[in-house]
Structures are given as structure tokens and as C-alpha cells.
Amino acid sequence: MLDQAGSVDDRNPTNQGRAMPRPPDAKASRRSLILRTIYVLCLLGATYNHWYAIYYHGLHWDYGGFPKGSATFWTALAFFDPAAVILLFARPNVGVGMTVCIIVMDVIHNVWIQAHYFPPLLQALAQSPMVIEQIIFMLFVLLTSPFAWTMKRQTAA
């Protein structure tokens, strides 16, 4: 049972052994917001790059002769990246999950492109700073996403 302040009343025998609801940790909320803001800034840069390509080459550009699936994936990122940006603030946990999916898929795809079309892979990566930046961003997201995840407020029943 709750007391007048909305806290669990420990003196009530029905509440013994029940976990006390914890208010959201202000430090964790701030950390989450800072990390999500960093994700947003990086995704906005990627959004700019994808829309720049669409503006100058159109939605059906083959990115200089790459397979249709790859070109479609890169073009789709022009829509997925800004969707993740919106979700990082509107629905933070969904946005964090979407950001993880986007960057992991993008790095896997771009490393495959480098390995398949520009072997040897290490030499191709050394000559492709944008892919290296994506790999660094992916590692950052994977390492920090647990801290960007927002904790939901517990409600007393």
C-alpha cells in the first residue's frame, strides 16, 4: 500500500518484502540524453550524405555501378537514419535499438563491399576513411548503448 506521498508504506504487513519503487536516476538520465544526442549528431551527418547523393543523382542511382541491392540499401538509409533520429528522442529505447541495427548492418555491408570490390580488405579499409569512421561509430554505439537505454519509471500497483 502507498502512503500519502506515493511511497510504499513499509509499516503495512502486505508490503513487507516488496521492492521499493526507485525514481529514475538523474545521472543515468543525463548520460542517456548525452549519448543519444551524440548518436543523433552522427546520424544527421549520415542523413546529409545520403540526401546529398539523392539530390544530385536521384533515388535510383546505382552509386557508380554497384548492385541494385546495395544501392537500394544506401538509398534506404536516407529514410532510416532520420527515423532513428526522431525515435532517439520520441521513443528512446526504440531509437537506440534502431541505431544499433542501422550501424551494424551498414558496417557489415560496407566492409563486404570493400572486401568484394576492392581487395585486399585491409588496404581498401586503409584507403577508405569513411568506412573506418563508421566502424568507430559502431564500436562506440555497441559499447555505450546499454547506458543510452532509458529506464522506465516503475509504477506502484
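All values below were derived from every heavy atom in this structure, side-chain atoms included, with hydrogens, water molecules and symmetry-related copies excluded. If you read the sequence from its start, that first residue is 1, and numbering goes on from there.
The closest side-chain heavy-atom distance from V85 to Y39 is not below 4.5 Å. Between S145 and F140, the closest side-chain pair of non-hydrogen atoms is not below 4.5 Å. Within the 4.5 Å cutoff, side-chain heavy atoms of N49 are placed close to those of M130. A heavy-atom distance below 4.5 Å is found between the side chains of V96 and R36. Residues I113 and F118 have side chains in contact (heavy-atom distance under 4.5 Å, counting atoms from C-beta outward). M105 places a side-chain heavy atom less than 4.5 Å from the side chain of F73. Annotation: side chain of Q114 is not in contact with side chain of N110 (no heavy-atom distance under 4.5 Å).
Atom CD in Q127 sits 11.0 Å away from atom CD1 in I132 (nearest 0.5 Å). In this structure, OG1 in T72 is found 9.0 Å from NE2 in H60, a value given to the nearest 0.5 Å. For the atom pair T47 OG1 and F80 CZ, the distance stands at 12.0 Å (nearest 0.5 Å). One finds the CG atom of L87 at 11.0 Å from the CG atom of L43 (value rounded to the nearest 0.5 Å). Here the straight-line distance linking atom OG1 of T99 with atom CG of L88 works out to 4.0 Å at 0.5 Å rounding. How far OG1 of T144 is from CD1 of I34: 12.0 Å, rounded to the nearest 0.5 Å.
At distances below 3.5 Å, at least one donor-acceptor pair connects side-chain atoms of H50 with backbone N or O atoms of W74. Side-chain N or O atoms of S32 include none that pairs as donor or acceptor with a backbone N or O of A28 at under 3.5 Å. Side chain of N93 to main chain of T150: a donor-acceptor pair is present (N/O by atom type, distance under 3.5 Å, no hydrogens or angles). Not a single donor-acceptor pair under 3.5 Å links the side chain of S70 to the backbone N or O of F66.
Residues I103 and I86 are members of separate hydrophobic clusters, defined by side-chain heavy-atom contacts under 4.5 angstrom among Ile, Leu, Val, Met, Phe, Trp and Tyr. Linking Ile, Leu, Val, Met, Phe, Trp and Tyr residues whenever their side-chain heavy atoms come within less than 4.5 Å places L121 and I136 in a single cluster. Under a hydrophobic clustering in which Ile, Leu, Val, Met, Phe, Trp and Tyr are joined whenever their side-chain heavy atoms come within less than 4.5 Å, directly or via other members, Y52 and Y55 fall into the same cluster. Hydrophobic clustering, with ILVMFWY side chains joined whenever heavy atoms are under 4.5 angstrom apart, keeps M98 apart from F89. In the hydrophobic clustering of this structure, I54 does not group with L77; members are Ile, Leu, Val, Met, Phe, Trp, Tyr whose side-chain heavy atoms approach within less than 4.5 Å, directly or through other members.
No hydrogens or angles considered: nothing links the side chains of D81 and W51 as a donor-acceptor pair under 3.5 Å.
Relative orientation of the W112 and H109 rings is tilted, given thresholds of 30° and 60° on the angle between their planes.
Atom CZ of R31 has more than 12 heavy atoms from other residues, nucleotides or ligands within 6.0 Å. For Y48, the OH atom sits in a loose shell: 12 or fewer heavy atoms of surrounding residues, nucleotides or ligands are nearer than 6.0 Å. Around atom CZ of F147, no more than 12 heavy atoms belonging to other residues, nucleotides or ligands sit under 6.0 Å away.
In terms of heavy-atom proximity, T37 sits nearest to L33 at OG1-O, 2.7 Å.
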Verify side chain to side chain contact (heavy atoms under 4.5 Å, CB included) between F137 and V107, making sure each step is shown before the conclusion. CA-CA 9 Å; F137 179 58; V107 166; over 6 Å; no
Could you go through the side chain to side chain contact (heavy atoms under 4.5 Å, CB included) check for L142 and V104 one step at a time? CA-CA 9 Å; L142 290 174; V104 168; 4.1 Å; yes
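Centroid-to-centroid, the aromatic rings of Y63 and W61 come within less than 6.0 Å.
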